[in-house]
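Here it is: the structure, laid out below.
One is the number of the first residue; the rest follow in order along the sequence.
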Amino acid sequence: MRLIVMGQQAFGKDTLQTVLDAGIDEVVAVYCEPDREGKPVDPIKECALEHGLPVYQPGSFGDAEVAQLASLNADLMLMAFVNVFVPEAARDTPKHGSICFHPSLLPLYRGPSAVNWPIIMGDTKSGFSWFYPTDGLDEGDVLMQWECEIGPDDTVIDLYFKKIYPAAIASVLNVVNAYRDGNPPRTAQDESKATYERRCTAKHARIDWNKPVAQVYNLIRGTNPAPGAWTTLNGTQVQVYDAERVPGDGVSSKIMDVSDAGVVVQCIGGRILVKRVKPAGGTKQAAAEWAGQVSLEKGAVIGD
């Protein structure tokens, strides 16, 4: 089949490379976001140019961009990690239309931070979906889904890069083969179960140490490495990364211990051992090192 691969960053690049390595289908073009001044060339663009493939980088799709896409006479467009809105007129141009990737079990966690929110919300499973995109946000029938466990200590790195990412790349050829076989599956999303979540940003990542320990821990691991959970000490912000739940009682938001292992903070029903932080204007470092720099002692209150 004649394929268009549309995407960005590592996931887009690896999707493209998987198709090229298989050597079965012809990639007629690659689409990615416009170059950004002062930023490195997108990996998918680098890969495409290395293989002599045409690269298109529209910031939006008007009549001229749709006509250009139509002229490629493609059979299918793979949409892998796409931020630019692609209207129906462009999506439907290939013979078999377009198929899009999303890192959640749709219709759950529609939106741009679909890996963060399941962890933050305390879910025990996630996965990914390949779906037939519509003009709605992550709406459209589902072609394929893959499910995995969210471990009790999983961070975004664990869930996405160690679980979802490799399985999703391995599924690319299965998706293409479903079209080649001539009868790709199509299952409607259950709209009664749909959830929409906004982009997870710093304003959502502030730690409230007066919450139950499970909620605090889920927020820390669900924002690690980005956008990074954060708290304050004497009015100065510090981001919290690696952490661990430990037992113990006491007054919430108090420092219960400072040691080489890190800084222990009391929450409701348990404590958090903070292991790695990033002070404002600094770099990531061991929490014990930071504690020494700011003369942090047992009994101090954090999150003021």
Side-chain angles (χ1 to χ4, degrees), residues 113-126 148-165 197-304:
S113 296
V115 181
N116 302 90
W117 288 112
I119 302 175
I120 294 171
M121 300 299 286
D123 289 3
T124 58
K125 67 178 182 179
S126 187
C148 67
E149 175 189 1
I150 301 177
D153 299 307
D154 279 354
T155 65
V156 172
I157 292 174
D158 297 312
L159 176 58
Y160 183 66
F161 290 102
K162 297 181 182 179
K163 297 180 180 179
I164 292 176
Y165 191 108
E197 300 295 345
R198 66 188 69 185
R199 185 177 299 280
C200 184
T201 65
K203 78 174 183 178
H204 305 110
R206 182 170 187 168
I207 300 170
D208 182 350
W209 300 103
N210 296 298
K211 294 286 188 180
V213 65
Q215 291 185 28
V216 175
Y217 187 53
N218 291 342
L219 177 66
I220 293 171
R221 63 195 185 94
T223 54
N224 182 7
W230 61 278
T231 187
T232 56
L233 179 67
N234 299 325
T236 301
Q237 183 173 313
V238 57
Q239 289 182 290
V240 176
Y241 291 95
D242 299 342
E244 178 184 336
R245 280 184 64 170
V246 293
D249 294 318
V251 179
S252 299
S253 78
K254 274 198 173 183
I255 304 297
M256 307 304 293
D257 189 33
V258 178
S259 69
D260 290 342
V263 176
V264 177
V265 187
Q266 182 68 45
C267 305
I268 295 177
R271 301 173 180 178
I272 299 292
L273 170 61
V274 178
K275 298 180 178 180
R276 191 164 64 114
V277 301
K278 181 183 178 184
T283 58
K284 292 180 183 179
Q285 59 189 265
E289 179 183 351
W290 164 73
Q293 293 170 353
V294 298
S295 300
L296 188 62
E297 296 181 350
K298 180 178 177 179
V301 174
I302 193 168
D304 49 335

For the residue pair Leu219 and Ala229, what are the closest heavy atoms and their distance?
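Residues Leu219 and Ala229, closest heavy atoms: O-CB, 4.4 Å.
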Show me the side-chain donor-acceptor pairs of residues 245-252 shorter than 3.5 Å, one per line, residues at least two apart or across chains.
none

Heavy-atom closest pair, residues Asn116 and Gly222
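That would be ND2-O, 2.9 Å.
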For residues Ser126 and Pro118, report the shortest heavy-atom separation together with the two atoms involved.
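So the minimum-distance heavy-atom pair works out to OG-CG, 4.2 Å.
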Minimum heavy-atom separation for Ala261 and Leu273, please, with both atom names.
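Smallest heavy-atom distance, with atoms named: O-CD1, 3.9 Å.
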Please evaluate residues Lys298 and Lys254 with respect to the criterion side chain to side chain contact (heavy atoms under 4.5 Å, CB included), reporting the C-alpha separation (whole Å), side-chain torsions for both, the decisive distance (0.1 Å), and the verdict.
CA-CA 8 Å; Lys298 180 178 177 179; Lys254 274 198 173 183; over 6 Å; no
For a 4.5 angstrom cut-off between non-hydrogen side-chain atoms, does Val263 reach Lys275?
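Side-chain contact under 4.5 Å: no.
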Given the rule in the side chain to side chain contact (heavy atoms under 4.5 Å, CB included) test, do Ile272 and Val264 qualify, once you have shown the distances and angles that lead to the verdict?
CA-CA 6 Å; Ile272 299 292; Val264 177; over 6 Å; no
Are Gln266 and Asp257 close enough, and set up right, to give a side chain to side chain contact (heavy atoms under 4.5 Å, CB included), and what steps lead you there?
CA-CA 9 Å; Gln266 182 68 45; Asp257 189 33; over 6 Å; no
Do Arg221 and Ile150 come close enough that some side-chain heavy atom pair is under 4.5 Å?
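Yes, their side chains come closer than 4.5 Å.
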Which value, rounded to the nearest 0.5 Å, describes the distance between Leu296 atom CG and Ile302 atom CD1?
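Interatomic distance, Leu296 CG to Ile302 CD1, rounded to 0.5 Å: 6.5 Å.
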With Trp117, the side-chain contact (heavy atoms from CB on, under 4.5 Å) member among Val115, Ile119, Ile120
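Per the side-chain contact (heavy atoms from CB on, under 4.5 Å) rule, the option paired with Trp117 is Ile120, out of Val115, Ile119, Ile120.
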For the residue pair Lys163 and Asp154, establish whether any side-chain heavy-atom pair is separated by less than 4.5 Å.
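Answer yes - side chains close enough.
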Result block: side-chain N/O donor-acceptor pairs under 3.5 angstrom for residues 234-243, not counting sequence neighbours:
{"unit_1": "Gln239", "atom_1": "OE1", "unit_2": "Tyr241", "atom_2": "OH", "d": "3.2"}
{"unit_1": "Gln239", "atom_1": "NE2", "unit_2": "Pro227", "atom_2": "O", "d": "3.1"}
{"unit_1": "Asp242", "atom_1": "OD1", "unit_2": "Asn224", "atom_2": "ND2", "d": "3.2"}
{"unit_1": "Asp242", "atom_1": "OD2", "unit_2": "Arg276", "atom_2": "NE", "d": "3.0"}

Provide the closest heavy-atom pair for Ala287 versus Gly262 in the form atom of the first, atom of the second, distance.
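Taking Ala287 first and Gly262 second, the nearest heavy atoms are CB-CA, 4.2 Å.
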Check the surroundings of atom CE in Met256: do more than 12 heavy atoms from other residues, nucleotides or ligands lie under 6.0 Å from it?
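It does: Met256 CE has more than 12 such atoms within range.
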Side-chain donor-acceptor distances from residues 209-216 under 3.5 Å, at least two apart:
{"unit_1": "Trp209", "atom_1": "NE1", "unit_2": "Thr231", "atom_2": "OG1", "d": "2.9"}

Could you please spell out the steps behind the side chain to side chain contact (heavy atoms under 4.5 Å, CB included) verdict for Leu233 and Trp290?
CA-CA 11 Å; Leu233 179 67; Trp290 164 73; 3.8 Å; yes
Starting at CD1 of Ile207, measure out to OG of Ser253 and round the result to the nearest 0.5 Å.
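Rounded to the nearest 0.5 Å, the CD1-OG separation comes to 12.0 Å.
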So, does Arg199 use its side chain to make a donor-acceptor pair with the main chain of Ser113 at under 3.5 Å?
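Looks like no, no N/O pair under 3.5 Å.
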For atom NZ of Lys284, decide whether the heavy atoms of other residues, nucleotides or ligands shown that lie under 6.0 angstrom number more than 12.
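Result for NZ/Lys284: enclosed.
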Mind listing the closest non-hydrogen atom pair of Arg206 and Thr232 along with its distance?
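Between these two residues, the closest heavy atoms are NH2-OG1, 4.0 Å.
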